[in-house]
J.: 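The structure that follows is given in the form of structure tokens.
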Amino acid sequence: MKDEDKGSYVHRVREDTQRYIKDLLGENERLRNAVAVLEDEKRHLEAQLDVQAKMVRQEIERREKEKASLQKRLQEIESESLRFIDQYSKVEQHNANLANLYVASYQLHGTLNREEVLSVLQEIVINLIGSEEFGVFELNQNKTSFHLIASFGIDADRHKNVSASSSLIGRAALSGKTWIKGHGEAAEGLEYSDLLACIPLKLGGQVTGAVALFSLLSHKPELEEVDYEMFDLLATHAATALYCTELHAARAGASE
Amino acid sequence: MPRKKILLVDDAETILMMERMILGRDYDLIIAKDGQEAVEKARVERPDLILLDIVMPVMNGIEACRMIRSDESTSDVPVIMVTTRGSEDIVKSAFESGCNEYVTKPINKIELLNKIKNLLGE
């Protein structure tokens, strides 16, 4: 190769190299710009993401609060509902108790026949109070003893006459207040100290007799609130009903 | 929807009156005062449920329940025994005679209504 040709070749290579370098630099610049755009875009997206994440977090927080509030409201409603159920149950029980008292009163005054009144009295004690061991006593005229006029589940002969002074039945009845085991005065030393309850029968404030309960039915563990109401009712209504039968019998006898 | 019919069987007027007060608002009620009358009324009236006392004159509740179960026309009528005695042997006899449920006296209104509604599918 001639020197002239060599010089031309070198020149061409240099030019090519310079062009290549220029292209490379151009390409580098273009890539740098593209990276800058992408970086910018990335920052923009990150910012957007941050905003959205913040919104999502706020939404979650709002929902959590709403959930807690709903749960609290649900608990309130549940407890309110339980309270209503409890109240309804109490009202129902109260109605049933009133029905018991109404039935007892209605039945006691539904007849002027002494035997029927005593029979109703027994039904009330068995079916509404829940005792199958009891006696109904009447105070004699000189107020020294109580005479058995009706009974259920006890030996009638053994309890035919009960002392007014030395027996728990007599003492409790003459006090004019219902006596309940564990609530009244101690009964040691008196006859019938194992009595469960004694309800005095009163007419115009005067004691005329007593209902003595010896035990409750096996499935009834103790006396309930309504039983005390029933005792109060029996104290006056049973005595009145029995007195009415006497009046009626006396009137019927006089008119014959 | 027609009201369901319940046959009340008891010789004690206080219990019948209580049951009427508890059930009269929601059901048509028929009354029988002994086991024999209960069996006859069950056959004729075809009640949806029978409330049967155990201790009664003429025929007791256990015998009446057996007869109700043995009669094709009344064999599937639900029977609730009502008893003053909740002892195991009485309850066993009641179930052996074919009753579906039992309640003890004094009657608890809520307990009775729950058992009736349960047996009537209400």
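Naming convention: chains lettered A, B, ... in sequence-line order (proteins, then strands); numbering from 1 in each chain.
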J.: Using a cut-off of under 4.5 Å for heavy-atom pairs, which of A/Val226, A/Val120, A/Asn127 has the most such pairs with chain B?
T.: A/Asn127

J.: What part of A/Glu132 is in contact with chain B, defined as an atom under 4.5 angstrom from a non-hydrogen atom: side chain, backbone, both or neither?
T.: side chain

J.: In terms of heavy-atom proximity below 4.5 Å to chain B, should A/Ser89 be classed as side chain, backbone, both, or neither?
T.: both

J.: Heavy-atom count check: over 12 atoms from other residues, nucleotides or ligands less than 6.0 Å from A/Lys177 NZ?
T.: no

J.: For chain A, which residues from residues 18-44 of chain B have at least one heavy atom closer than 4.5 Å to it?
T.: B/Met18, B/Met21

J.: Around atom CZ of A/Arg62, are there more than 12 heavy atoms of other residues, nucleotides or ligands at under 6.0 Å?
T.: yes

J.: Pull out the residues in residues 97-112 of chain A that come under 4.5 Å of chain B, heavy atom to heavy atom, sorted by number.
T.: A/Ala99, A/Asn100, A/Tyr102, A/Val103, A/Tyr106, A/Gln107

J.: Please check if atom OH in A/Tyr88 has more than 12 non-hydrogen atoms from other residues, nucleotides or ligands closer than 6.0 Å.
T.: no

J.: Quick check: are there more than 12 heavy atoms from other residues, nucleotides or ligands sitting under 6.0 Å from CD of B/Glu122?
T.: yes

J.: Please test B/Thr104 against A/Leu217 for side-chain contact (heavy atoms from CB on, under 4.5 Å), starting from the C-alpha separation and ending with a verdict.
T.: CA-CA 10 Å; B/Thr104 51; A/Leu217 294 169; over 6 Å; no

J.: What heavy-atom pair brings B/Thr84 and A/His219 nearest, and what distance separates the two atoms?
T.: O-CE1, 2.7 Å

J.: If contact means a heavy atom pair closer than 4.5 Å, which residues of residues 9-17 of chain B contact chain A?
T.: B/Asp11, B/Ala12, B/Glu13, B/Thr14, B/Ile15, B/Met17

J.: Residue by residue, scan residues 112-121 of chain B and write down, ordered by number, those that have a heavy-atom distance under 4.5 Å to chain A; if none do, write 'none'.
T.: none

J.: What residue in A/Ile124, A/Ile129, A/Ile126 has the most heavy-atom pairs under 4.5 Å with chain B?
T.: A/Ile129

J.: Does a sphere of radius 6.0 Å around CZ in A/Phe231 hold more than 12 heavy atoms from other residues, nucleotides or ligands, not counting ones at 6.0 Å or beyond?
T.: yes

J.: Any chance OH of A/Tyr243 has more than 12 other-residue heavy atoms, nucleotides or ligands included, within less than 6.0 Å?
T.: no

J.: CD of B/Glu88: more than 12 outside heavy atoms within 6.0 angstrom?
T.: no

